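Have a look at the structure below, then the notes.
Numbered from 1 within each chain, the chains take letters A, B, ... in sequence-line order. These figures come from a predicted structure and were not determined experimentally.
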Amino acid sequence: MYRCVLYIYQGRLVLSHAQNPRMLSYKCSNMFSALVFRAAGKVSPRAFWTTGVPCCEKEKGTTCPPLEEVKNDGKRTGQLQVEDVELRRTEGGAKMRSHTEEQNNIEATAEATVDDRQVERKTMTGKQGLLELLGTMKVEGTTKRKLKALKSLRSGEEAPQRPKLEAMESTISMFQQATSEAAGQSESLSGELRAAASAVASMLPDSAQAESELLRQLRKHEAVSDTQGKEGQQSLSNIIAHMKVRRKVNGRPSVQPTNQIRFDDDGRGYTHDRGITSELDRIRRRKSPFSGKRLSIFAVGGDQEKDTDLATRPTLWDIDLANQIAQAVNNIPRNGFEEMIQWTREGKLWQYPINNEAGMEEDATVPFHEHVFLEHHLEDGFPQQGPIRHFMELVITGLAKNHHLSVKQKVEHIRWFRDYFKEKQDILRETEACLS
Amino acid sequence: MAQMGKTKRFGLCSAAKQPSSTVSGSEEKIIIPKMKTWNAEAVLQALASTVNRDTTASNYVFQDDSYLTPRTSREFKLYYLSQESGRNAAKYFINTFPRYFQKDFAEPHIPCLMPETLELQIDEVSERALTECIQLRKVKAAVDMFDQLMQMGSPVSLDLTNDLLDLICLYGDQEPAQDVPPEQRTNDMGEKHDEIKIKKGRPQRASDFLKIVWGENNNAERIFNMMPEPNSCSYGALIRGMVKHGSIPKAFIMYNDMLNNQLTADVHTFNALISAAPYLKEKYSEKWDLIIDLLKQMAYQKVKPNVLTFNAVLKALQRCGALGRVQAFPVLNEMKALGIAPSLASYDHFLGIFYKAASQAQEHKEIIQEVLNEVSGKSFAAHDPDDVNFFMNTMKICLDTKDMEQAYKLHSLLDIGENWKLLGDSFHQSVYYGRFFNLLCMMEHVDVVLKWYRELSPSLFYPNSQRMRDLFQALDMDNRLDIIPQIWKDIKRMGHDNNTELVEEMLSLMARDKHKPEVQQSFAECALDVKTLYKQTDYGRVQLNWSASSLSSITLILLAAGRIQQAWEILMLFKVTNRVPSEYLLKQFLDCIQMNNNSEQAVALVQISASFCLPLTSHLIKRVQQEFELNEEQKNTLSQL
């Protein structure tokens, strides 16, 4: 979609360049060929190619009298117009506005040239030129349709506005369907159009006249679109009923233009350049591929219970798969931080944010007072008074201040003394130390 | 942008669920969590995301030692492997002599720095000993232990037997390869092993499949037959082992057996069977029918498929010809409908279905666009060992279709999240960047090519000589031959200066056209630099041999720069190396001498020409006689020739 808009935009750019009367056609052709050869890697090389080449050929063929140039302009405009009509028919409503704008601009350009030069001659040659052009393109699938569109377009130059009215119709109905704010659109559209028209006119030699011509033409459009719009509002259902929903056409062969045989000499053979139709085809298909039909074997709901992976421990197979994946991916750290991430995962590094209690998880649950108040551990196994009691009180004071030991270790420490004094009970009793 | 960064950061570390307050600065609401629990790596990840790649430096892993700055992908491999093998050697010693490494310095304790126990500790015959054997992956010992237990008449529990079957089937009743040579013990070593294989141009793990063959009546089958009531896990282990080690018909027989016993398979078993299906049947339709049948049975048994299931289906579809192209979309859509996010391997297989050969690439141009539109902007995690092939293969498709736009799209995907990890090991990387660069040289303007060259070349991509020639072609196409001397420096740095074809191509490019005087001078310097290489006899490097074309190219370059004396020296080399100068060269030489009006040299040139017995000699004599002022002696010499 975006690409297509861009493509038309580029086409317009080409047009405006070509219209510049000072620019000789050989220059143009040079420019085109440069475009073609530089096409690689630009936003839309294909678009460049498809527009560039036919134009280029035409330019080369002529020996640049100004009238011929105008004729070519006409042809190109016609071509673009045709494409635009194509587009509008195939596209959904959402992006319609930009297209209509584009189309109007292009039409305006075409008409400006028409008004500037002799109308009768141009229409004849223009029609012929377009026919030629379409012939060279050899788009078999769509030639018929294009020709029809073309005829209506060309006849429209003589008998004013009817085909455009027809063309607008579908657009407007799309408008109505797509956006609710369609009513306000015609006004804003006209403002933009006016700006565009003056821009176009400024490129022409007699700008004031051209602009007024353009604006008059646009006013006609507006009138038409207004009436159409009202109609549309009145009988929305009617329009929807009349809308033709086109099925996407699959498998249309992309035909290689015979006059554009290209051969890449890097050994990869011919490259088939696809024409405008396949470009459009792709846009048509854009929505389809990842939302189409599915196998419909599995039920979508959550009734498949056998998700046993989480329940059971990882088997050897799982470990093996994890290993395979780990080996396959690129694990080489790109900078120091990533290396540190690896070390953190391996457990070699302190974890961020830095916490000085890291690695002391089992102590985290022990409250503070158990570390400090150790008197209750002396309640049994030790005398209530005397030198041993005194000694032990000193011990627990020391232990209370020791932050290197866990509570378990402290209790263990006290227990050791309890056992020790129990062992030495006889000696103590003899010396009567425990009593005094 | 900043906002994006913020949301990303929140996403990184698991934020607490309940939002306390919401700030509505813009349309997007930022939810500030009440309390955040930080992931251990979150800080480091945030910091790492601020570091950009230095395009002029080599990979980070080599920055400690400038001696280890790799110049080619081969050296990259070699240096990286040597670093790893140093680490593994240390590990080997620690594990072999654990008694010397008992002191635990670290506080808190760091388990991975302590020696691992790799020897069996339990000496008795018991289930505990069997468990230990399985944990240490000693296949033979475990089987022996099992047999001893059975002889003693003490039955082994079902779970343990299944674990044993897993072990045997995983390694195909062979000792795991890790245990054979000591340096292959760790996982890094496995990678290394693979890389060495890649160097020989073989697929990564194919040799593993070929090497170990499922033996007829091996221990796994024997133990399985001894089991009183094998459950679905036992069947699963056997089927997976059979598929892995290439006994596919047997796997399907086993599966039928399992169905007859009213057992249901798990998802892994089905995955294995699906991946084996295309090898069982011949016809495309039969293969597909079998796969569909298996999938239906999965649905019937209420087994939930995972991403590997569909990857297996897509991989199998690659072997189903045109049928694959029809069914690929429904399979992917089925994945989506079930809420299973496709991994990169899914897309890789998917594209593989459509782009089998380069000739097909043109027909399905839009498919790659669709796929790249689908994946662009997404961050992927590794779910499948095949994930790493995506970038490499997709770049090949871009190269085949010459689609620069898609190639850029693909390349930009690497910048997102941790996708760069999925580029794979150094082999995959070199192939990927090689293809990308090839495409750039083919399609892009030389300025763009050079920009990419500077961005990729020393830090990520080590172009081989073929890619350098591509670069020369790009330079030639856009008339930027004047930067050849710069490129030559890179070529020397990358060690391609002993590649005769590359050097000769460069010389002929420089000799071909006329350039500005300063460019000619730089060319001449470059040519003299090349000349010194021919003289060098470095130990252990391939000697360059003078060819007629390289000699004449250098002479022409020097002549164009007006360095007649140096050109003369080269001309002398023709005789020494038994090469014959071309007539064009001699004519050019004479023109140059004429400009300086050195009659002596002109006569000497004619003498040289005569010594090669060139038919041009007479013509040269005439010219010299007419155009130069000769003294008597010189006239005599000429008339004698």
For chain A, which of Cys233(B), Cys169(B), Ala106(B), Ser459(B) has the most heavy-atom pairs under 4.5 Å?
-> Cys169(B)

For the residue pair His109(B) and Met114(B), establish whether any side-chain heavy-atom pair is separated by less than 4.5 Å.
-> yes

Top contributor to chain A contacts, counting heavy-atom pairs under 4.5 Å, from Val61(B), Leu295(B), Val43(B) | Leu295(B)

May I ask you to decide whether Asp320(A) forms a salt bridge with Lys244(B), counting only side-chain N to carboxylate O separations under 4.0 Å?
-> yes

If the plane angle is over 60° it's perpendicular, under 30° parallel, otherwise tilted; pick one for Phe350(B) and Phe329(B).
-> perpendicular

Do we see a donor-acceptor contact under 3.5 Å between the side chains of His428(B) and Asp425(B)?
-> yes

Given the options Leu422(B), Asp384(B), Val448(B), which has more heavy-atom pairs under 4.5 Å with chain A than any of the others?
-> Asp384(B)

Residue from Glu338(A), Met340(A), Arg334(A) scoring the most non-hydrogen pairs under 4.5 Å with chain B is Arg334(A)

Can you tell if the side chain of Asn59(B) reaches within under 4.5 Å of the side chain of Tyr80(B), non-hydrogen atoms only?
-> no

Under 4.5 Å from any heavy atom of chain B - which part of Ile319(A) | side chain

Return the option, out of Gln351(A), Glu339(A), Glu346(A), with the maximum number of heavy-atom pairs under 4.5 Å with chain B.
-> Glu339(A)

Part of Arg53(B) within contact of chain A (heavy atom distance under 4.5 Å) | neither

Phe62(B) ring center within less than 6.0 Å of Phe76(B) ring center = yes

